[in-house]
Structure formats: structure tokens, C-alpha cells
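These notes are about the structure you will find just below.
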Amino acid sequence: MSDLLYGLNDNQRDAVLHGDGPLLLLAGAGSGKTRVITHRIAYLIAERGISPYQILALTFTNKAAGEMRERVDNLVGESADKIWVSTFHSTCVKILRRYIDRLGYERDFSIYDSDDQKALMKEIIKSFELDPKKFKERTFLNVISSAKDEMLFPEDFARENESDYNMKRYIEIYTEYQKRLRSNNALDFDDLIMLTVKLFREEADVLDYYQERFRYIMVDEYQDTNTAQFQLLALLSSKYKNLCVVGDDDQSIYKFRGANIHNILNFEKVFPNTTTIRLEQNYRSTKNILAAASEVIKNNNERKEKTLWTEAGEGDPIIYARLDTDYEEAQTIAGDIRKKVRDEGASYSDFAVLYRTNAQSRIFEEKLVYEGIPYRIIGAINFYSRKEIKDLICYLKVVNNGSDDIAVKRIINVPKRGVGATSIEKISRFATMNDISFYDALSHAAEIPGTGRSLKGINDFLELIDSLRYDELSLESLIRDIIDRTGYQKELEAEETPEAEARIENIESLIDKVVKYEEETDEPTLSGLLEDIALVADIDTVDMDSDQVKLMTLHGAKGLEFPYVYMVGMEDGVFPGGSAIFMDDEEELEEERRLCYVGITRAKKLLTLTGANQRMRNGKTEFNRPSRFIHEIPRYLIKQVSGAMPKKQSFSADEGGWYTPSASGGSTYSSTAARKSTPKNKNNIFSNNPYITKGMGNTSSGSSSSGSASDTGKPDYAVGDTVSHVKFGEGTVTGMVDKGGNYEVTVDFEDFGPRKLLSSFAKLEKI
DNA sequence: CAGCCATATCTTTTT
DNA sequence: GATATGGCTG
């Protein structure tokens, strides 16, 4: 008992010791909320004699679930694996696999990811004879998803919108979409939650069973729950009322995905006799970082007041750098990281670069490669959404569930079997007319006129799937069989391109995942494997400890922490994003501000904010003013450091180098958004900033002085010279390109091969 | 039917 | 600028 409470602060202890009844934990960033949940679970088991079977802990990501289980394991010991720790979605899948037949679905249903949804919606748009140019799949899917998040079935949605003529089409499409999902025996992600709620509402015995089973429910990241998830929780907890939710309304950043902030704001009203405990002591960041975060979030109106505090020291000021271009922004950060690793003993894994949109990652990637810094981009492309992987998974899906028309259509002509779009169209129509699945219609292809030429391919396909269904050896042999018999890998091998090479590697890691699943699962099944694949995101498998700089969106960073955090693209129009400003949408701006708060509070030791006068976006050059969030941080917390001289002010074209911004009072900028909105602070708050110094702080990246490149001249080496580099050793200079005073030097290193480096950053010494 | 070139589009996205 | 889709041609 004393063990379980050791090291907890008063509020944390109160939360752990709370007995029965609803409990709301308002847990600020870095306040040790996972610790509280895990200790509370341990306390319930050890001290209150609750059976581990009766505890349900819900999270949003598999990663969070995994971490929580691991930590509970350490506290509770072996009985911990009896505790049901999982995501909302996999919990619902488990329940539905048992009882969904009561709702008229088969229990071996497929789970549709967003690609599958799009494919299905595309078909519907076509069958409604709508112009696909005018009507995007996403538009309809977004409406449907919002309806499902709000627990509106097609009938409910129709009722709610019956008076609105414009909604007529949406109603029809939603109805059709749901009908087709059912005939494909498929559920989309939203269905998983919505149908579980429906099941609980309609089948009293099922609800009762799970109420008895889960007498104690814990929910992490509660601020991100949507209405459907809320109802799920309300139903499950209505008997014993032991619902403990942990969340931070200031970190609600998924409104666009249906998260309902009122779930947390109104929790006390909805659940009478709620005990509310605030966890306000922060164990992560310095005072300065915390102060910056608090000052920013203060500007939001719709929030629960709370004040984070820390026993940590002031720490370094927040660094703010306004660079000339996005290119320089990336370059400066890459240099700064290298400098800190070299001179301050930091590890690459101590750094995170956070941006608003994935599209911003590219340029950082480029610069990090130049600098020879190991990095990992997180979340941009999901492993399972790669073409080759999706193709192979669709084979698995078809073997598992022949009703899955979307999967069948995707692979019927992959690899090429001479079954083209027209044949598919004809068979599809035949299937609809006879009310059978597309797969079943394939075996009647001979009766369908106009499919003669593709008949052989179709029969080959049917034969293949049929024989795969008799492969009962193992999942590994099944996937290998698919790869062999489709000739997928051979086809790629024949290509002999780097892309094909990469795909082969991906296929190999898919096999690895299948093998791993089979090893780690008690009773591996094909549908279990597919479920794992559908519900486990790429980010879940990222090893955060590996020694690489992490690049990700601000959204992706939630729940993580790093000693050094760079928030980049701090410009109005980029962050906060265009629509929040352009539409003058206060609600959306508040969501962006929460995102900013999330970003700031990821930093433990040093927070660096950067922006650029000029940046390329969507193929066009933009000029944005500094982010309004920068202005919301009081100036005494900030140390502004310079970037490069804006090119426009540099009359001699070749004169690059660095300068002190105090000379011109920050930066001159023009803005496309300037006319639209007026920021609260009209003057640049940094114009008289006493903190202005040259370079990236005192731990400057060396951009102003170090290296062989001087501010004015060429490096002292030239093509053909032998040079040495701290990391890469010796090599020969094979090329130099002038980039406005800075040189892109190509060096052929003896041990590392040819590499491109920038003279201003890379310390190259002539030998 | 398949491969190639032209045009459109471009927040965020735990599952 | 990069990618995905659509239309055209072989």
C-alpha cells in the first residue's frame, strides 16, 4: 500500500485512493496522469480486493494501451494480464465479434479503413450518376462520419434533416453507404463504436453482461471522446457508476474528428456526485516553458481554469528565430541539432521537430540528410496503406470474407490478368441485379455477355482464391503462398528499380509482422490478424527510444515529451492554419491554440520556435507574418535570435551571411492575410527586444562564425582538395555550388561515400 | 486493355 | 513541388 502511494503528490494520492463513484481527473500536461491511472488500478486490486477481471482501461491508441499495460504489469504482477486494457476500437471489435449477429451482421465482418471507404463511396457516387468532379468521396464520408460520431443512424440522420432539402442527397447516400457496408459484411471505424452502442441499447442481456464484467472503468485522454464513445461509457458505467476519466480540455485537438469537448466540460453535470480532482503539478518542463504554455492557452474562452506549476527551475528562455526562407529554417535547425549533439552531449533522440502539416516534413528531411543526422518521420504514410501491402492484405481479406466486394475488385486484376474496367463493370451490374456478391458473380462470368476475353483471368483468380482457402498450415504459409502464386514479388524483382526494391522490403516486413502476430497470439486466426492490421497504426510501432531525431505533426506529438522541441512554421496561415484565420472562426482558432499548447508542453528543457519570411507551399511562394501565438507569449520569456538577411534587402546578390536583426527591428514582411485580419499587437513585440543576439543563441549552430566558410568569402578548399570532416573522416571535394555565399559542397568520403554538405555548417578542414 | 502524359489538388487524422 | 487521378493513344 505504502509502495503504491510512494512519491505521489496529495492530489495524485487522492485520485488513487478514491473509492466508488464517478471521478473526473483534470490532468494538465505532464502531470503524471498515466501514473495515477496505473496506480489506481493497482490500488483497486491490491487494497480493495477488486478482481482484475472487473477492470477496463480504455485508451485511444494501441501505443498508450501498451504502455499502460506494461506499467500496470510492473505494479500488479502477473494478474495484470487479466485486466482488459485496450483501445475503444479493439474493445468494440471484441464485443461485436461475439454478439454482432444480433444486429444482422456476420461475426467475421471485415473492417474498412479509409481507403476502403473511399473505394466504396466512389462506387456509390457512380451508381447515383453524380459527377465525380463535383462530388468528392471525402465530402460525403465526412458528413457520414460526423453523423456516426453523433450516434445518428441513417434513419436518425434523415429525421434530423428532413426539413432541409439540400440534405436530401446526403441522406440517400448515407443510407446507401450503410446498406452496402452491410452487404459487404463490413464495418468502418465509426461503425465499430456506433454498433456497439446499438447492441447495448437493444440487447439488455449483453449490456448487463458487460456491466457486470467491467465494474471499474478508466478512460485516458477523455477530452478526445466523441458522442458515441461517451454513450458507450455512459451505458457501461450506468450500473456501478465507477467511471474514472482522465483528460485535459486544453489538449482537445480532435474536434475535426468528432471529439466533443463538452464530454469533459459537462462531465460533472451528466454524472451526479462526481468527484473532481485537478492534477496541476507538472513534472516535465521548466518554469519558462510552462509559463509560455499558460500564457498562450489563457486566450481561450471555453476551458476549465487551471494553473500548472512546477518545482523545476526557470530554465532557458524560449528561443524564437525568424528566418528568411523555409529552406533556411530547416537548415538552421539541422545545424543547431548537430551542434547540440556535438557540444552539449545531447542524443539525437532528445530532439523533436513539430510541424502543423505533414507537407512541411520534406525540407527538414532533406537538410537532416545533408547534415548526416539520423531521423525518423512519424505518421506521414501508414505502412499498411502502401500499395503493395494493401494488395496483399486484400488477398487475405478475400480469403477471409468473400463478400468484401471492395477487396475483390482491388485484386481481381492485380497482378494483371486481363480483367479490365469494362468487365468489372459488367460483372458488378450482374451482381447487383441478381443480389449476389461480386465474388459470387465471378463464377457466372461465362453467362455475362461481353466478358469473354477476361474469362480465363477470372477463372484463374477464382481457382487461386479457392486453393488459398484450403491452406490451413499457418498464416505465414498463406501469405507466402499468396506472394508466390500471384508472382507479386517476381514481378517486382524483374523491375530492378529502387522503388521496386523498397516494395520488396515492405513485403518482407509484412511477412515479419504476420510471423510476429502468429508467435505472440494465443489463438492466431486470419480474421484476428486482419483486425490487428486494421486497428494498429504505424505510429504504434515506432521505437521512440532509437537514437534518431523525430519529425512529426503537432497532432502526432500528443502524449510524448522531448528535452528539445522545435516548433516550426510559426506563421499565421501555417500555424494557426489558413482556415482558422481566413474564416475568422473563433472556435477553430481555439482548437489551433490548444494544438499550440500541446506543442509547447512537449518540451522538457528547451523550446525553440521558428518561422520564415518566405516559404513555398503548394508550389507557390507565400509571405506570412509571424504566428499570432508568438505574440501571445510574453516577451520576457523569449529570446529572439536572428536568421539570415532577407534576400530582398541584400542588393549585392552574392552577399549572404548572417546579420543582427536589431538593425532592422525584426523582419519586414508582407502578408496575404494582412488585409484580412489585424493581430492584437500591431507592433512587432521584438522590435526593442534586449535579448536579441546573433545566431541561434549562445549555443549557436556556428552559422555565424564557425566552419571554414567565413561571412564574406569562399571556403579555403576547392574541388579536388582533400578535406576532413568530424564525423565522416577524410574525402575528396568533387563539387561546389554557390548558394548565395553558402556553398553546397559535394565530398566523396572514403568511408561514407559521396555526400552533400553546406559549407556554413559542415566543419570541413583542408588537409 | 494497358501504359503514358496531362491536369487538378493540396489541414490536422489516435482507429 | 509532389502526388493522384483522368483522359488519350497505342
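Chain letters run A, B, ... following the sequence lines, proteins first, then strands; residues in each count from 1.
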Practice item. Assign A/Glu592 to base, sugar-phosphate, or nothing according to its heavy-atom contacts below 4.0 angstrom with the strands shown. Key: base

Check your understanding: To the nearest angstrom, how far is A/Glu221 atom CD from B/dT13 atom P?
Key -> 16 Å

Review point. More 5' along DNA chain B: A/Arg417 or A/Ile253, using each one's nearest nucleotide?
Key: A/Arg417

Check your understanding: Quick one: do the A/Tyr597 and A/Gln251 side chains pair a donor with an acceptor below 3.5 Å?
Key -> no

Exercise for review: Show the numbers, then the answer: is there a salt bridge (Lys or Arg N to Asp or Glu O under 4.0 Å) between A/Lys456 and A/Asp460?
Suggested key: CA-CA 6 Å; A/Lys456 190 183 175 303; A/Asp460 286 351; 3.0 Å; yes

**Study point:** Aromatic ring proximity, centroids under 6.0 angstrom, A/Phe267 and A/Tyr222
**Key:** yes

Exercise for review: Name the closest nucleotide to the A/Asn358 side chain, picking from B/dT12, B/dT14, B/dT11.
Suggested key: B/dT12

Check your understanding: Would you call A/Tyr254 stacked on B/dT13, i.e. ring centres under 5.5 Å apart with the planes less than 30° off parallel?
Key -> no

**Study point:** For atom CG of A/Leu554 and atom P of B/dT14, their distance in whole Å
**Key:** 14 Å

Exercise for review: Tell me what A/Ser114 touches on the nucleic acid: a base, only sugar-phosphate, or nothing, going by heavy atoms under 4.0 Å.
Suggested key: nothing

Check your understanding: Base, sugar-phosphate alone, or nothing: which one does A/Ser423 contact when heavy atoms must sit under 4.0 Å apart?
Key -> sugar-phosphate

Exercise for review: Check the distance between B/dT14's P and A/Leu58's CG and give it to me in whole angstrom.
Suggested key: 18 Å

Review point. Using a distance-only test with no angle check, is there a side-chain donor-acceptor pair under 3.5 angstrom linking A/Gln178 and A/Lys148?
Key: yes

Point to revise | No-H, no-angle donor-acceptor pair, A/Thr553 side chain to B/dT12 base, under 3.5 Å | key: no

Check your understanding: For the residue pair A/Tyr210 and A/Trp84, does the interplanar ring angle fall in the parallel (under 30°), tilted (30 to 60°) or perpendicular (over 60°) class?
Key -> perpendicular

Exercise for review: Determine, for A/Glu561 against A/Arg602, whether the closest basic-nitrogen to carboxylate-oxygen distance falls under 4.0 angstrom.
Suggested key: no

Study note, to complete from the structure: Base orientation of B/dT12, chi within 90° of 0 counted as syn, else anti, reads anti

Check your understanding: Do the ring centers of A/His555 and A/Phe256 come within less than 6.0 Å of each other?
Key -> yes

Point to revise | Identified salt bridge (Lys or Arg N to Asp or Glu O under 4.0 Å) partner of A/Lys397 from the options A/Asp108, A/Asp391, A/Asp116 | key: A/Asp116

Revision key, fill the gap. Comparing A/Ser454 with A/Arg356, nearest DNA chain B nucleotide closer to 5' gives the residue A/Ser454

Check your understanding: Can you find a side chain N or O atom of A/Thr422 that sits less than 4.0 Å from OP1 or OP2 on B/dC1?
Key -> yes

Point to revise | For atom CG of A/Asp149 and atom C1' of B/dT13, their distance in whole Å | key: 12 Å

Review point. Any idea which of B/dT13, B/dA2, B/dT11 is nearest the A/Arg257 side chain?
Key: B/dT13

Review point. A/Phe88 has an atom CZ; how far is it from atom P of B/dT14, in whole Å?
Key: 16 Å

Exercise for review: Looking at every strand, decide which applies to A/Asn413 at a 4.0 Å heavy-atom threshold: base, sugar-phosphate, or nothing.
Suggested key: sugar-phosphate

Practice item. Kindly indicate whether a cation-pi arrangement holds for A/Lys550 with A/Phe562, taking the cut-offs as under 6.0 Å to the six-membered ring centre and within 45° of the axis. Key: no

Study note, to complete from the structure: Numerically ordered, the residues 222-235 of chain A set in heavy-atom contact under 4.0 Å with DNA chain B is A/Asp224

Exercise for review: Write down the distance between CD (A/Gln117) and C1' (B/dT13), rounded to a whole number of angstrom.
Suggested key: 12 Å

Could you go over nucleotides 1-10 of chain C and give all protein N or O partners under 3.5 Å, atom names and distances?
unit_1	atom_1	unit_2	atom_2	d
C/dG1	O6	A/Asn618	O	3.2

Check your understanding: Rounded to whole angstroms, how far apart are CD on A/Glu491 and C1' on B/dA2?
Key -> 13 Å

Point to revise | Validation row, ring centre A/Tyr177 to ring centre A/Phe140 under 6.0 Å | key: no

Practice item. Could you tell me the separation between the CZ atom of A/Phe189 and the P atom of B/dT13, rounded to a whole number of Å? Key: 15 Å

